[in-house]
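Chain identifiers are assigned alphabetically (A, B, ...) following the order of the sequence lines, protein sequences preceding nucleic acid strands; residue numbering begins at 1 within each chain.
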Number of protein chains: 2
Amino acid sequence: MREFLRTKGFKMTPQRELIFRSFFEMGKHVSVDELYDKVRQQDSSVGYSTVWRNLKLICKVGLAEEVNLGDGVTRYDRATETPHGHFYCVDCKKLTEFDMDNIVGQLAIISRDNDFVPSGFKIEIQGRCRACREKEATPKKTTDAQAEAQKP
Amino acid sequence: MREFLRTKGFKMTPQRELIFRSFFEMGKHVSVDELYDKVRQQDSSVGYSTVWRNLKLICKVGLAEEVNLGDGVTRYDRATETPHGHFYCVDCKKLTEFDMDNIVGQLAIISRDNDFVPSGFKIEIQGRCRACREKEATPKKTTDAQAEAQKP
DNA sequence: CGGCCAAATGAAAACGATTTTCAATTTCGA
DNA sequence: TCGAAATTGAAAATCGTTTTCATTTGGCCG
(Lines give C-alpha, C1' and ligand atoms only; values in the text may rest on other atoms or scores of the structure.)
Protein backbone atom coordinates (compact mmCIF):
# COMPACT_ATOMS: atom_id res chain seq x y z
CA MET A 1 0.00 0.00 0.00
CA ARG A 2 2.77 2.37 1.01
CA GLU A 3 4.46 1.59 -2.26
CA PHE A 4 1.28 1.92 -4.25
CA LEU A 5 0.69 5.37 -2.83
CA ARG A 6 4.26 6.39 -3.33
CA THR A 7 4.05 5.71 -7.02
CA LYS A 8 1.08 8.03 -7.10
CA GLY A 9 2.95 10.72 -5.27
CA PHE A 10 1.48 10.35 -1.81
CA LYS A 11 3.13 9.65 1.47
CA MET A 12 2.24 7.09 4.06
CA THR A 13 1.50 8.09 7.61
CA PRO A 14 0.30 6.21 10.66
CA GLN A 15 -3.08 7.89 10.44
CA ARG A 16 -3.41 7.12 6.80
CA GLU A 17 -2.53 3.54 7.33
CA LEU A 18 -5.09 3.18 10.05
CA ILE A 19 -7.76 4.89 8.02
CA PHE A 20 -7.10 2.83 4.92
CA ARG A 21 -7.06 -0.39 6.87
CA SER A 22 -10.23 0.48 8.73
CA PHE A 23 -11.99 1.39 5.54
CA PHE A 24 -11.22 -1.89 3.89
CA GLU A 25 -12.16 -3.80 6.98
CA MET A 26 -15.57 -2.22 7.14
CA GLY A 27 -18.51 -3.27 5.10
CA LYS A 28 -19.47 -1.39 2.02
CA HIS A 29 -21.13 2.02 1.73
CA VAL A 30 -19.25 3.63 4.56
CA SER A 31 -19.93 7.23 5.51
CA VAL A 32 -17.31 9.61 6.84
CA ASP A 33 -18.88 9.51 10.27
CA GLU A 34 -18.93 5.76 10.39
CA LEU A 35 -15.33 5.47 9.40
CA TYR A 36 -14.38 8.25 11.76
CA ASP A 37 -15.98 6.40 14.64
CA LYS A 38 -14.22 3.21 13.76
CA VAL A 39 -10.87 4.89 13.42
CA ARG A 40 -11.27 6.71 16.70
CA GLN A 41 -11.74 3.42 18.45
CA GLN A 42 -8.15 2.65 17.63
CA ASP A 43 -6.69 6.11 17.82
CA SER A 44 -8.83 8.84 19.23
CA SER A 45 -6.39 11.52 18.19
CA VAL A 46 -7.18 11.24 14.50
CA GLY A 47 -9.07 14.23 13.23
CA TYR A 48 -12.29 14.22 11.31
CA SER A 49 -10.83 16.09 8.40
CA THR A 50 -8.05 13.59 8.13
CA VAL A 51 -10.54 10.80 7.79
CA TRP A 52 -12.47 12.79 5.27
CA ARG A 53 -9.40 13.67 3.26
CA ASN A 54 -8.22 10.12 3.18
CA LEU A 55 -11.56 8.88 2.06
CA LYS A 56 -11.32 11.30 -0.80
CA LEU A 57 -7.83 10.06 -1.47
CA ILE A 58 -8.98 6.48 -1.56
CA CYS A 59 -11.39 7.50 -4.25
CA LYS A 60 -8.79 9.48 -6.09
CA VAL A 61 -6.45 6.55 -6.39
CA GLY A 62 -9.30 4.44 -7.61
CA LEU A 63 -9.88 2.18 -4.65
CA ALA A 64 -13.38 3.38 -3.96
CA GLU A 65 -16.03 5.68 -5.24
CA GLU A 66 -18.63 7.94 -3.82
CA VAL A 67 -22.23 6.88 -3.70
CA ASN A 68 -24.93 9.50 -3.39
CA LEU A 69 -28.48 8.63 -2.70
CA GLY A 70 -29.94 11.98 -1.96
CA ASP A 71 -30.31 11.30 1.73
CA GLY A 72 -27.73 13.92 2.49
CA VAL A 73 -24.85 11.62 3.24
CA THR A 74 -22.05 10.66 0.93
CA ARG A 75 -21.01 7.08 1.20
CA TYR A 76 -17.87 5.43 -0.01
CA ASP A 77 -18.02 2.15 -1.77
CA ARG A 78 -15.01 -0.04 -2.28
CA ALA A 79 -14.19 -0.47 -5.93
CA THR A 80 -14.91 -3.97 -7.04
CA GLU A 81 -13.83 -5.94 -10.02
CA THR A 82 -17.39 -6.56 -11.04
CA PRO A 83 -19.63 -3.57 -11.53
CA HIS A 84 -22.69 -3.60 -9.37
CA GLY A 85 -25.83 -1.61 -8.91
CA HIS A 86 -27.66 -0.79 -5.74
CA PHE A 87 -31.01 -1.60 -4.33
CA TYR A 88 -31.99 1.23 -2.04
CA CYS A 89 -34.73 0.42 0.38
CA VAL A 90 -36.80 3.54 0.92
CA ASP A 91 -37.84 2.28 4.32
CA CYS A 92 -34.72 1.11 6.05
CA LYS A 93 -32.34 3.00 3.76
CA LYS A 94 -30.19 -0.03 3.44
CA LEU A 95 -28.22 -0.72 0.30
CA THR A 96 -27.92 -4.09 -1.29
CA GLU A 97 -25.90 -4.84 -4.33
CA PHE A 98 -26.65 -6.66 -7.49
CA ASP A 99 -24.54 -7.71 -10.37
CA MET A 100 -24.57 -5.35 -13.28
CA ASP A 101 -22.59 -7.36 -15.77
CA ASN A 102 -25.41 -8.12 -18.13
CA ILE A 103 -26.58 -4.57 -18.28
CA VAL A 104 -23.28 -2.81 -18.64
CA GLY A 105 -22.96 -3.99 -22.20
CA GLN A 106 -26.22 -2.39 -23.07
CA LEU A 107 -25.38 0.83 -21.34
CA ALA A 108 -22.22 0.97 -23.37
CA ILE A 109 -24.20 0.53 -26.52
CA ILE A 110 -26.65 3.20 -25.52
CA SER A 111 -23.76 5.52 -24.82
CA ARG A 112 -22.16 4.90 -28.14
CA ASP A 113 -25.43 5.45 -29.91
CA ASN A 114 -25.67 8.78 -28.17
CA ASP A 115 -22.16 9.85 -28.94
CA PHE A 116 -21.18 9.74 -25.29
CA VAL A 117 -17.95 8.22 -24.00
CA PRO A 118 -18.77 6.54 -20.72
CA SER A 119 -16.39 6.17 -17.84
CA GLY A 120 -18.76 4.80 -15.28
CA PHE A 121 -22.24 3.46 -14.82
CA LYS A 122 -24.56 3.74 -11.91
CA ILE A 123 -27.82 2.00 -11.44
CA GLU A 124 -29.99 2.52 -8.46
CA ILE A 125 -33.23 0.76 -7.88
CA GLN A 126 -35.45 2.21 -5.22
CA GLY A 127 -38.10 0.15 -3.59
CA ARG A 128 -38.69 -1.97 -0.54
CA CYS A 129 -36.72 -4.88 0.69
CA ARG A 130 -38.36 -8.01 1.93
CA ALA A 131 -37.74 -7.24 5.57
CA CYS A 132 -39.51 -3.91 5.38
CA ARG A 133 -42.41 -5.31 3.44
CA GLU A 134 -42.94 -7.97 6.04
CA LYS A 135 -42.60 -5.81 9.09
CA GLU A 136 -44.98 -3.10 7.97
CA ALA A 137 -48.21 -4.11 6.36
CA THR A 138 -50.07 -1.03 7.61
CA PRO A 139 -50.24 1.92 5.28
CA LYS A 140 -49.86 5.34 6.81
CA LYS A 141 -52.73 7.76 6.68
CA THR A 142 -52.47 11.38 5.73
CA THR A 143 -54.30 13.68 8.08
CA ASP A 144 -52.36 16.88 7.83
CA ALA A 145 -51.72 17.88 4.29
CA GLN A 146 -49.22 20.50 5.20
CA ALA A 147 -47.21 18.25 7.40
CA GLU A 148 -47.06 15.81 4.57
CA ALA A 149 -46.08 18.45 2.08
CA GLN A 150 -43.62 20.42 4.08
CA LYS A 151 -42.05 17.85 6.32
CA PRO A 152 -40.88 14.98 4.19
CA MET B 1 -53.92 22.51 -11.89
CA ARG B 2 -55.82 24.27 -9.15
CA GLU B 3 -58.35 21.49 -9.28
CA PHE B 4 -55.69 18.81 -9.37
CA LEU B 5 -54.09 20.21 -6.25
CA ARG B 6 -57.40 20.66 -4.51
CA THR B 7 -58.16 16.97 -4.86
CA LYS B 8 -54.85 16.30 -3.18
CA GLY B 9 -55.66 18.65 -0.34
CA PHE B 10 -53.56 21.62 -1.33
CA LYS B 11 -54.52 25.17 -2.03
CA MET B 12 -53.65 27.33 -4.97
CA THR B 13 -51.96 30.64 -4.43
CA PRO B 14 -50.52 33.24 -6.77
CA GLN B 15 -46.99 32.29 -5.74
CA ARG B 16 -47.64 28.63 -6.23
CA GLU B 17 -49.13 29.22 -9.62
CA LEU B 18 -46.14 31.24 -10.69
CA ILE B 19 -43.71 28.69 -9.35
CA PHE B 20 -45.44 25.76 -10.96
CA ARG B 21 -45.72 27.52 -14.26
CA SER B 22 -42.11 28.60 -14.21
CA PHE B 23 -40.96 25.13 -13.35
CA PHE B 24 -42.75 23.58 -16.27
CA GLU B 25 -41.56 26.27 -18.61
CA MET B 26 -37.95 25.68 -17.73
CA GLY B 27 -35.85 22.95 -19.13
CA LYS B 28 -35.22 19.82 -17.20
CA HIS B 29 -33.00 19.31 -14.17
CA VAL B 30 -33.82 22.56 -12.48
CA SER B 31 -32.19 23.47 -9.19
CA VAL B 32 -33.88 25.49 -6.46
CA ASP B 33 -31.65 28.44 -7.17
CA GLU B 34 -32.37 28.39 -10.86
CA LEU B 35 -36.07 28.27 -10.35
CA TYR B 36 -35.86 30.89 -7.65
CA ASP B 37 -34.09 33.24 -10.03
CA LYS B 38 -36.62 32.67 -12.74
CA VAL B 39 -39.54 33.19 -10.40
CA ARG B 40 -38.06 36.37 -8.99
CA GLN B 41 -37.90 37.81 -12.46
CA GLN B 42 -41.65 37.83 -12.45
CA ASP B 43 -42.30 38.52 -8.81
CA SER B 44 -39.38 39.49 -6.66
CA SER B 45 -41.38 39.17 -3.48
CA VAL B 46 -41.49 35.41 -3.59
CA GLY B 47 -39.37 33.83 -0.91
CA TYR B 48 -36.72 31.21 -1.38
CA SER B 49 -38.37 28.80 0.98
CA THR B 50 -41.61 29.09 -0.90
CA VAL B 51 -39.89 28.06 -4.08
CA TRP B 52 -38.18 25.23 -2.26
CA ARG B 53 -41.37 24.05 -0.64
CA ASN B 54 -43.25 24.10 -3.88
CA LEU B 55 -40.59 22.12 -5.65
CA LYS B 56 -40.97 19.55 -2.94
CA LEU B 57 -44.68 19.69 -3.44
CA ILE B 58 -44.35 19.18 -7.15
CA CYS B 59 -42.44 16.03 -6.36
CA LYS B 60 -44.94 14.96 -3.76
CA VAL B 61 -47.82 15.10 -6.16
CA GLY B 62 -45.83 13.14 -8.65
CA LEU B 63 -45.09 15.77 -11.26
CA ALA B 64 -41.33 15.66 -10.83
CA GLU B 65 -38.62 13.92 -8.98
CA GLU B 66 -35.35 14.77 -7.39
CA VAL B 67 -32.12 13.99 -9.16
CA ASN B 68 -28.92 13.78 -7.19
CA LEU B 69 -25.56 13.58 -8.84
CA GLY B 70 -23.27 14.08 -5.93
CA ASP B 71 -22.28 17.57 -6.96
CA GLY B 72 -24.02 18.95 -3.93
CA VAL B 73 -27.08 20.28 -5.67
CA THR B 74 -30.46 18.68 -5.84
CA ARG B 75 -32.16 19.04 -9.15
CA TYR B 76 -35.75 18.54 -10.05
CA ASP B 77 -36.69 16.65 -13.12
CA ARG B 78 -40.14 16.77 -14.62
CA ALA B 79 -41.81 13.40 -14.53
CA THR B 80 -42.11 11.95 -17.96
CA GLU B 81 -44.22 9.20 -19.34
CA THR B 82 -41.20 7.32 -20.53
CA PRO B 83 -38.51 6.50 -18.03
CA HIS B 84 -35.14 7.89 -18.90
CA GLY B 85 -31.61 7.73 -17.67
CA HIS B 86 -29.01 10.45 -17.57
CA PHE B 87 -25.70 11.00 -19.20
CA TYR B 88 -23.66 13.15 -16.86
CA CYS B 89 -20.71 14.84 -18.46
CA VAL B 90 -17.93 15.05 -15.92
CA ASP B 91 -16.51 18.06 -17.71
CA CYS B 92 -19.39 20.40 -18.36
CA LYS B 93 -21.70 18.79 -15.79
CA LYS B 94 -24.50 18.84 -18.27
CA LEU B 95 -27.19 16.20 -18.22
CA THR B 96 -28.56 14.55 -21.28
CA GLU B 97 -31.29 12.01 -21.28
CA PHE B 98 -31.66 8.67 -22.87
CA ASP B 99 -34.52 6.29 -23.18
CA MET B 100 -34.57 3.57 -20.60
CA ASP B 101 -37.44 1.50 -21.88
CA ASN B 102 -35.42 -1.48 -22.96
CA ILE B 103 -33.54 -1.72 -19.75
CA VAL B 104 -36.35 -1.22 -17.31
CA GLY B 105 -37.67 -4.66 -18.03
CA GLN B 106 -34.38 -6.19 -17.07
CA LEU B 107 -34.09 -4.13 -13.94
CA ALA B 108 -37.50 -5.37 -12.94
CA ILE B 109 -36.38 -8.92 -13.47
CA ILE B 110 -33.23 -8.38 -11.48
CA SER B 111 -35.30 -6.89 -8.69
CA ARG B 112 -37.68 -9.79 -8.62
CA ASP B 113 -34.81 -12.23 -8.60
CA ASN B 114 -33.47 -10.43 -5.58
CA ASP B 115 -36.73 -10.32 -3.72
CA PHE B 116 -36.90 -6.56 -3.98
CA VAL B 117 -40.04 -4.65 -4.91
CA PRO B 118 -38.95 -1.73 -7.05
CA SER B 119 -40.70 1.59 -7.20
CA GLY B 120 -38.21 3.46 -9.30
CA PHE B 121 -35.11 3.07 -11.39
CA LYS B 122 -32.22 5.38 -11.88
CA ILE B 123 -29.43 5.00 -14.32
CA GLU B 124 -26.62 7.44 -14.57
CA ILE B 125 -23.81 7.17 -17.01
CA GLN B 126 -20.80 9.33 -16.33
CA GLY B 127 -18.42 10.20 -19.05
CA ARG B 128 -17.71 12.93 -21.53
CA CYS B 129 -19.98 14.43 -24.08
CA ARG B 130 -18.87 15.10 -27.61
CA ALA B 131 -18.52 18.82 -27.11
CA CYS B 132 -16.13 18.40 -24.21
CA ARG B 133 -14.11 15.78 -25.98
CA GLU B 134 -13.66 18.05 -28.95
CA LYS B 135 -12.86 21.19 -27.07
CA GLU B 136 -10.21 19.70 -24.82
CA ALA B 137 -7.71 17.35 -26.35
CA THR B 138 -4.99 18.29 -23.86
CA PRO B 139 -4.67 16.17 -20.78
CA LYS B 140 -4.00 17.98 -17.53
CA LYS B 141 -0.76 17.35 -15.73
CA THR B 142 -0.39 16.73 -12.04
CA THR B 143 2.33 18.75 -10.42
CA ASP B 144 1.08 19.14 -6.92
CA ALA B 145 -0.03 15.91 -5.42
CA GLN B 146 -1.63 17.54 -2.45
CA ALA B 147 -3.58 20.00 -4.46
CA GLU B 148 -4.87 17.13 -6.50
CA ALA B 149 -5.69 15.06 -3.48
CA GLN B 150 -7.19 17.65 -1.26
CA LYS B 151 -8.80 20.06 -3.61
CA PRO B 152 -10.98 18.15 -6.01
C1' DC C 1 -71.59 37.15 2.35
C1' DG C 2 -68.68 36.68 6.65
C1' DG C 3 -66.08 33.85 9.53
C1' DC C 4 -63.04 30.31 10.49
C1' DC C 5 -59.22 27.23 10.35
C1' DA C 6 -55.89 24.82 7.96
C1' DA C 7 -52.65 25.83 4.56
C1' DA C 8 -49.28 28.86 2.67
C1' DT C 9 -45.95 32.49 2.81
C1' DG C 10 -41.48 35.22 3.72
C1' DA C 11 -37.68 36.26 6.48
C1' DA C 12 -34.51 34.69 9.30
C1' DA C 13 -32.37 31.31 11.75
C1' DA C 14 -31.03 26.57 12.36
C1' DC C 15 -28.96 22.61 10.57
C1' DG C 16 -25.63 19.48 9.03
C1' DA C 17 -22.52 17.60 6.02
C1' DT C 18 -18.68 19.00 3.47
C1' DT C 19 -14.66 21.68 2.67
C1' DT C 20 -11.09 25.00 3.71
C1' DT C 21 -7.78 27.43 6.47
C1' DC C 22 -3.72 27.63 9.08
C1' DA C 23 -0.04 26.62 12.01
C1' DA C 24 2.51 22.74 13.33
C1' DT C 25 4.29 18.20 12.30
C1' DT C 26 5.92 14.48 9.55
C1' DT C 27 7.54 12.02 5.55
C1' DC C 28 10.93 10.82 2.35
C1' DG C 29 14.10 11.70 -1.37
C1' DA C 30 18.44 14.09 -2.23
C1' DT D 1 20.80 14.70 7.92
C1' DC D 2 18.28 18.47 5.58
C1' DG D 3 14.62 20.65 3.42
C1' DA D 4 10.73 20.83 0.40
C1' DA D 5 6.38 19.05 0.03
C1' DA D 6 2.79 16.51 2.00
C1' DT D 7 -0.01 15.60 5.99
C1' DT D 8 -2.40 16.46 10.07
C1' DG D 9 -5.81 18.35 13.72
C1' DA D 10 -8.69 21.85 15.28
C1' DA D 11 -11.45 25.29 14.23
C1' DA D 12 -13.90 27.95 11.21
C1' DA D 13 -16.06 28.74 6.85
C1' DT D 14 -19.21 27.16 3.31
C1' DC D 15 -23.28 26.25 1.35
C1' DG D 16 -27.41 23.90 0.20
C1' DT D 17 -31.26 22.34 2.70
C1' DT D 18 -34.77 22.58 6.18
C1' DT D 19 -37.27 24.52 10.04
C1' DT D 20 -39.28 28.08 12.83
C1' DC D 21 -42.45 31.55 13.61
C1' DA D 22 -45.43 35.28 13.05
C1' DT D 23 -48.51 36.68 9.59
C1' DT D 24 -51.44 36.30 5.61
C1' DT D 25 -54.42 33.84 2.55
C1' DG D 26 -57.50 30.37 0.43
C1' DG D 27 -61.54 28.13 0.31
C1' DC D 28 -65.21 25.57 2.64
C1' DC D 29 -69.39 26.10 5.56
C1' DG D 30 -73.10 28.05 7.42
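Proximity of B:W52 to the phosphate of D:dG16: no side-chain N or O atom is located under 4.0 Å from OP1 or OP2. The side chain of B:K56 places an N or O atom within less than 4.0 Å of a non-bridging phosphate oxygen (OP1 or OP2) of D:dT18.
Grouping Ile, Leu, Val, Met, Phe, Trp and Tyr residues whose side-chain heavy atoms lie under 4.5 Å apart, directly or via other members, places A:I125 in a hydrophobic cluster with A:F87, A:F98, A:M100, A:I103, A:V104, A:L107, A:I110, A:F116, A:F121, A:I123, B:F87, B:F98, B:M100, B:I103, B:V104, B:L107, B:I110, B:F116, B:F121, B:I123, B:I125. Residues near A:V117 contribute nothing to a hydrophobic cluster around it, because no ILVMFWY side-chain heavy atom sits closer than 4.5 Å to its side chain.
Side-chain contact, B:H29 with B:E97: a donor N or O sits under 3.5 Å from an acceptor N or O. Neither side chain, A:S31 nor A:D33, offers a donor N or O lying under 3.5 Å from an acceptor on the other.
If you check distances only, the side chain of A:R75 never reaches the base of C:dT18 with a donor-acceptor pair under 3.5 Å.
The side chain of A:S49 has C:dT20 as its nearest neighbour among C:dT18, C:dG10, C:dT20.
The bend of the helix from C:dC1-D:dG30 to C:dA30-D:dT1, defined by the angle between the axes of its first five and last five pairs, stands at 30° to the nearest 10°.
The nearest whole Å value for the distance from the CG atom in B:N68 to the C1' atom in D:dG16 is 11 Å. Rounding to whole angstrom units, CG of residue B:L5 and C1' of D:dT25 are separated by 16 Å. Nucleotide D:dA6 holds its P atom 11 Å from the CZ atom of A:R16, rounded to whole Å. In this structure, CZ of B:R53 is placed 12 Å from C1' of C:dA12, rounded to the nearest angstrom.
Evaluation of the side-chain contact (heavy atoms from CB on, under 4.5 Å) rule for B:T74 yields B:E66, B:N68, B:Y76 as partners, not counting sequence neighbours.
For the contact set between residues 34-48 of chain B and DNA chain D, defined by any heavy atom under 4.0 Å, the members are B:Y48.
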* To do: For each nucleotide in nucleotides 24-30 of chain C, reading 5' to 3', give B when a protein heavy atom comes within less than 4.0 Å of its base, S when such contact involves only the sugar-phosphate, and - otherwise.
  => ---BSS-
